[in-house]
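Beneath this line is the structure, given in structure tokens, with notes to follow.
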Amino acid sequence: MKDVMKTVPVFVYNEHETRYRFNDTHPFNQKRLLLTFDLLRRIGALPAEAIVAPRLATAAELLRVHSPAYVEAVERLSDPAPDAHWQREAPRFGLDTEDTPFFPGMHEVTSYVVGGSIVAAEQVMSGAAPHALHLGGGLHHALRSKGAGFCVYNDASAAIAHIREKYGVRVLYVDTDVHHGDGVQWSYYADPHVCTLSIHETGKYLFPGTGDVSERGEGDAFGTSVNVPLEPYTEDDSWLESFSDVLAAAVRRFRPDVIVSQHGCDAHAYDPLAHLQCSMRVYRDIPALLRKTALEHCGGRWIALGGGGYDIWRVVPRAWSLLWLTMSDHPLLSELKRDPELPLPASWIEAWQPESPVPLPATWLDPVHSWPPIPRRDIITEKNRQTKQIAMMYLT
Ligand SMILES: [Zn+2]
């Protein structure tokens with residue numbers, strides 16, 4: 001085994017990915033890729049040699065996780081003026097909704113997203129890089145024959161399918177987006193070689209409504225679907241306790257060869273689409289836990305993807321930069337440990353403040369001590385602990 005500490009991780013990105021855009025008022029806005037890229041560049045954390053371009057996924061790669069009828073519908077509805085027949089078909093494929101409306105060029109740009117996640121997987125599995133990050137990916141809600149929740153093709157499922165087909169190893173998928181990772185769970189619900197672990201706000205109050213702790217997989221794969229639904233208004237301590245304990249139990253039970261993780265950062269208190277109350281602390285600690293797990297149990301093999309995150313100014317650039325800094329073992333993290341009030345680079349704030357509708361944060365972490373306390377904290381913590389204990393009991 002190669003010494004993974006000495007090799008450089010890969011950052012999959014190019015400007016094609018910012019074209020994944022439904023319309024001007026849609027909350028899914030890939031300008032956040034640019035804001036993150038610019039922040040990392042300004043602190044000198046993104047050397048040119050780390051950057052690898054995505055590519056288009058092939059038809060065969062799409063068809064590993066989507067039905068031929070769905071891929072055809074996406075292709076036809078990518079036309080700037082789709083014919084009436086295909087417009088009538090759009091609802092059957094979930095592509096007529098306010099969340100996931102069809103748009104011109106959709107097939108091509110989403111194929112880049114899928115190809116980017118496969119490139120990231122291949123870099124790691126071939127041994128070219130210890131870890132790989134593809135922030136344009138993580139579109140975890142797309143189903144086999146249906147677009148959903150801002151997701152057209154499911155790049156996470158496609159990357160896992162690539163790993164399974166070419167390398168035949170055991171994959172642990174870890175989804176920390178505030179929404180349940182339903183699309184990936186259903187892709188592998190009956191596959192005992194892929195374990196999906198999703199921690200999210202309970203589906204009682206949030207899209208997509210699934211992700212109950214009782215969803216455990218089927219047939220030979222019973223036990224390889226793990227869900228940790230958390231209460232609304234969950235804060236850092238309870239979130240991290242639930243995540244770290246269940247992750248450790250899942251790794252012990254499943255013994256993965258590689259980790260594929262999805263890094264939606266919409267569990268943050270500022271996020272407009274959900275109700276959790278986490279701070280930037282979880283987005284510092286999640287990557288650290290995953291890296292440690294990958295190094296200890298998977299020979300370092302770790303592919304990380306983007307995901308949700310709708311406060312594109314205050315949350316996403318910091319969260320995703322911390323993810324890359326962790327993957328690349330950057331010295332800024334030790335500085336952050338010594339000084340929790342470490343400032344963001346002034347030049348980044350000056351460059352983007354004029355465009356931002358909200359004041360940009362001054363520091364990498366949030367001043368949580370000045371946030372108002374959450375009512376019912378003890379009750380929320382206790383309920384989450386009960387859920388965690390059920391999830392862990394299922395893993396013993
Ligand atoms: Zn989400």
Side-chain angles (χ1 to χ4, degrees), residues 17 20-22 25-33 35-36 94 97-101 110 113 117 133-143 146-157 159 173-187 196-212 215 226-236 239 242-243 260-280 282-283 286-287 290 304-320 322-323:
E17 309 213 282
Y20 187 84
R21 189 170 176 76
F22 295 96
T25 55
H26 197 283
F28 192 96
N29 183 347
Q30 288 299 43
K31 180 159 198 158
R32 58 204 186 133
L33 294 176
L35 294 166
T36 305
T97 62
E98 204 178 309
D99 275 2
T100 320
T110 322
V113 176
S117 293
L133 175 60
H134 179 225
L135 291 173
L139 303 179
H140 61 164
H141 294 306
L143 304 170
K146 206 159 191 173
F150 316 157
C151 305
V152 178
Y153 290 143
N154 196 319
D155 61 286
S157 287
Y173 171 76
V174 179
D175 189 316
T176 57
D177 192 285
V178 78
H179 302 93
H180 175 226
D182 58 340
V184 185
Q185 172 176 299
W186 302 131
S187 289
T196 60
L197 189 175
S198 179
I199 180 167
H200 43 264
E201 179 178 339
T202 167
K204 275 185 259 175
Y205 309 106
L206 193 68
F207 177 90
T210 48
D212 191 78
E215 292 166 23
V226 182
N227 284 292
V228 189
L230 298 176
E231 293 298 293
Y233 306 106
T234 294
E235 298 165 280
D236 291 347
W239 196 101
S242 307
F243 180 62
V260 175
S261 55
Q262 195 269 21
H263 293 264
C265 46
D266 37 10
H268 194 282
Y270 293 159
D271 194 273
L273 298 194
H275 318 97
L276 297 200
Q277 287 289 321
C278 292
S279 81
M280 205 49 63
V282 301
Y283 299 113
I286 293 166
L290 289 173
L305 310 172
Y310 307 97
D311 190 319
I312 69 161
W313 299 98
R314 295 180 297 183
V315 175
V316 185
R318 290 188 297 164
W320 286 357
L322 288 169
L323 171 58

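In listed order, ligands and their atoms are each counted from 1. Worth saying up front: this structure is predicted, and the values here are computed from it rather than measured.
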* Structure fact -> Lys204 meets the salt bridge (Lys or Arg N to Asp or Glu O under 4.0 Å) criterion, sequence neighbours left out, with none
* Structure fact -> For His179, the N, O or S atom at the shortest distance from the Zn ion (ligand 1) is ND1
* the Zn ion (ligand 1) - closest N/O/S atom in Asp177 -> OD1
* Asked: Is the His26 ring parallel, tilted or perpendicular to the Phe28 ring (thresholds 30°, 60°)?
  -> perpendicular
* Between His140 and Tyr173, ring centroids under 6.0 Å -> no
* What is the name of the N/O/S atom in Asp266 that sits closest to the Zn ion (ligand 1)? -> OD2
* So, the side chain of Asp266 versus the backbone of Val178: is there a donor-acceptor pair under 3.5 Å, distance only? -> yes
